[in-house]
Number of protein chains: 2
Amino acid sequence: MVQLDDLDRAILKLLKQDARLTISELAERLNRPESTIHFRIKKLIEKGVIDRYTIILGEPLKPKSVVAVYIETEIPVIEDFLEKYINHITKTLSMLPNVLAVARSGRNGIIALIGGETEEQIEKFVDDTIRTLPSLRKVEVFPFTNIVKGEDVIGFLVDV
Amino acid sequence: MVQLDDLDRAILKLLKQDARLTISELAERLNRPESTIHFRIKKLIEKGVIDRYTIILGEPLKPKSVVAVYIETEIPVIEDFLEKYINHITKTLSMLPNVLAVARSGRNGIIALIGGETEEQIEKFVDDTIRTLPSLRKVEVFPFTNIVKGEDVIGFLVDV
DNA sequence: TATGAAAGACATCATGT
DNA sequence: ACATGATGTCTTTCATA
């Protein structure tokens, strides 16, 4: 187990907001010496608490419209078919640039996050690429009308 | 409209993988002078293509189990009630630390991403906190059995 | 817009309290 | 955990093409 104190948490919170804050800026805001901040961050990285640094892309590259899609396949008699078929679908979806994220859900379900320029374009994508897949039991589409928490997850996920 | 060339895209791709790459490292990998890389990044930030820099948290802080929940309310006679009620639910959910993301979906739907230590703990949370809400027409739970694309979205969303 | 060079700011490390 | 100083590296700026 990893134990974090208030200082660790304060550093993490600030870096989440802006990972380009310099050690001296962090030191000043948190009223601690630079050497301490440097040491803490080093430890946080070593312990894997900080996994990596990244950038969030902004409006110009973000899809204007996003939906979540739940796909459920029929369950075939031979279990091995199911596994291979689900894997095939997830891999195919993963390669498409407007598919932001893909997860398996249970034994015969898939959830995908899909972005596009308009709702219509996404609907077309769902109709052409997903609903045409054979042996589906269910396709549910949940539009993202307004993201209330975690809004910049889209800029995080979008491909360049 | 923002036009990106190959160099811009290459910089963005590298920074997405590791935002701590120095300008000199980027310059070396892309065979361009440091001043050029510096200039491009400055422009990308000005244009809003790069929104901000952040950290992704690692295993120690990530919930081991994640589900998506779709909530749909009844539609009351008075439209204004619906709006206020939905807003109330989304705001309440947003404040909870194990609720990773919340979005409105259509007029009377909400999608939430929920993390926890075990599936059972999440089930309990859903039963206690969500299913007890009045006037719900539907609550659907989609477990994330295995994330295939966008895996580190969890470490991106998790609260510190 | 791209580049090269120079100046200043910064992270990093060792040592000691 | 904190302080200090030495070192090398990086960012930033500016003049120029």
**Student:** Let me confirm one number: the CD-NZ distance from A:Q121 to A:K124, rounded to the nearest 0.5 Å.
**Tutor:**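 Between A:Q121 CD and A:K124 NZ, I get 9.5 Å after rounding to 0.5 Å.
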**Student:** Give me the bend of the helix from C:dT1-D:dA17 to C:dT17-D:dA1, using the axes of the five pairs at each end, rounded to 10°.
**Tutor:** 30°
**Student:** Run A:R9 and B:D159 through salt bridge (Lys or Arg N to Asp or Glu O under 4.0 Å) and show every step you take.
**Tutor:** CA-CA 10 Å; A:R9 261 181 276 272; B:D159 286 330; over 6 Å; no
**Student:** For salt bridge (Lys or Arg N to Asp or Glu O under 4.0 Å), just list the numbers for A:R52 and B:D152, CA-CA rounded to whole Å, side-chain angles, deciding distance to a tenth of an Å, and then say yes or no.
**Tutor:** CA-CA 10 Å; A:R52 60 192 186 88; B:D152 43 25; 2.7 Å; yes
**Student:** Is it true that the side chains of B:E83 and B:Y85 contain a donor and an acceptor less than 3.5 Å apart?
**Tutor:** no
**Student:** Which distance, rounded to the nearest 0.5 Å, do you find between the NZ of A:K47 and the CD of B:E59?
**Tutor:**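 Here the rounded value is 15.5 Å.
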**Student:** Atom CZ of B:R40 and atom NE2 of B:H38: how far apart are they, to the nearest 0.5 Å?
**Tutor:**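 Output value for this atom pair is 14.0 Å.
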**Student:** Would you compute the distance between atom CG of A:L100 and atom OG of A:S94 and round it to the nearest 0.5 angstrom?
**Tutor:** 11.5 Å
**Student:** Can you check each nucleotide of nucleotides 7-17 of chain C against protein heavy atoms at under 4.0 Å and return B for base, S for sugar-phosphate only, - for none, in 5' to 3' order?
**Tutor:** ---SSS-----
**Student:** Taking atom CD1 of B:I71 and atom OG1 of B:T90, what is their separation to the nearest 0.5 Å?
**Tutor:**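 Between atom CD1 of B:I71 and atom OG1 of B:T90 there are 9.5 Å.
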**Student:** Evaluate the criterion salt bridge (Lys or Arg N to Asp or Glu O under 4.0 Å) for residue pair A:E119 and A:K64; output intermediate values, then yes/no.
**Tutor:** CA-CA 9 Å; A:E119 290 209 24; A:K64 308 298 168 257; over 6 Å; no
**Student:** Going 5' to 3' on DNA chain D, which nucleotide is the first and which the last to come under 4.0 Å of a heavy atom in chain B?
**Tutor:** D:dC10 to D:dT13
**Student:** At 4.0 Å (heavy atoms only), tell me whether B:F39 reaches a base, stays on the sugar-phosphate, or touches nothing.
**Tutor:**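 Touches sugar-phosphate only.
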**Student:** Supply the atom-to-atom distance B:D18 CG to B:L21 CG, rounded to the nearest 0.5 angstrom.
**Tutor:** 4.0 Å
